[in-house]
Structure formats: C-alpha cells, structure tokens
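All values below were derived from every heavy atom in this structure, side-chain atoms included, with hydrogens, water molecules and symmetry-related copies excluded.
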Amino acid sequence: ASTLAPETFTLTNAGASQWELNWNYGILQTATNVTGPYNDITNISSPYLIPRTNTQQFYRVKANL
C-alpha cells in the first residue's frame, strides 16, 4: 500500500499585485461563489499566480486519485 503525502494548499503574497497559490497534487478549481459551481482550471501547474482584482474568486483543489 502507498501513502499520499499530506495535502498542502497555500496562498502567499507574490508582490506586484499578485497572489501565489501552491498545491502539491490535484486539480485546481475556481468559482465566483463559495458554494460553487466550481470549474477545473486547465493547463496550469503549481505555483499559480493570481492577479489581485476587485472580483470575488474562490479556489479549491479536487483530488485526482
């Protein structure tokens, strides 16, 4: 049996009006409401730079086991 490493999901200040989102596995998803619906963000990898805007945006990681 194999054991997965603990999940990590961090958001840090990247300066220059950006946030840096890091995760160690899974598929990043986004929604404009905390209750969803959430959509996969395709063709990206960690770290992901997010511009700071006045737009409300929520993120989560969906496990791809």
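Nearest heavy-atom pair, Gln18 versus Arg52, reported as atom, atom and distance to 0.1 Å: O-NH2, 3.5 Å. Closest approach of Ile41 to Tyr59, counting heavy atoms only: CD1-CE2, 3.9 Å. Shown here for Ala31 and Pro37, the closest heavy-atom pair between the two residues is CB-O, 3.2 Å.
Between the CG atom of Leu28 and the CG atom of Asn22 there is a distance of 10.5 Å, given to the nearest 0.5 Å. Rounding to the nearest 0.5 Å gives a distance of 11.0 Å between CG of Asn24 and CZ of Phe9. Between the CZ atom of Arg60 and the OH atom of Tyr38 there is a distance of 6.0 Å, given to the nearest 0.5 Å.
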Checklist entry - Given Trp19 and Asn13, is the side chain to side chain contact (heavy atoms under 4.5 Å, CB included) satisfied, shown in steps? => result CA-CA 5 Å; Trp19 295 100; Asn13 182 349; 4.1 Å; yes
Next on the checklist: As a quick check of understanding, evaluate side-chain hydrogen bond (donor to acceptor under 3.5 Å, both in side chains) for Thr42 and Asp40, giving each step before the final call.
Outcome noted: CA-CA 6 Å; Thr42 58; Asp40 294 353; over 6 Å; no
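A heavy-atom distance below 4.5 Å is not found between the side chains of Tyr48 and Glu20.
Looking only at distances, a side-chain donor or acceptor of Gln56 sits under 3.5 Å from a matching main-chain atom of Thr32. Remark: side-chain polar atoms of Thr30 are paired, donor with acceptor, to backbone N or O of Phe58 under 3.5 angstrom. Remark: the backbone N or O of Trp23 is paired with a side-chain donor or acceptor of Ser46 at under 3.5 angstrom.
In the hydrophobic clustering of ILVMFWY residues, with side-chain heavy atoms under 4.5 Å counting as a link, Ile27 and Val61 come out apart. In this structure, Ile50 is a member of the same hydrophobic cluster as Ile44, with clusters built from ILVMFWY side-chain heavy atoms closer than 4.5 Å.
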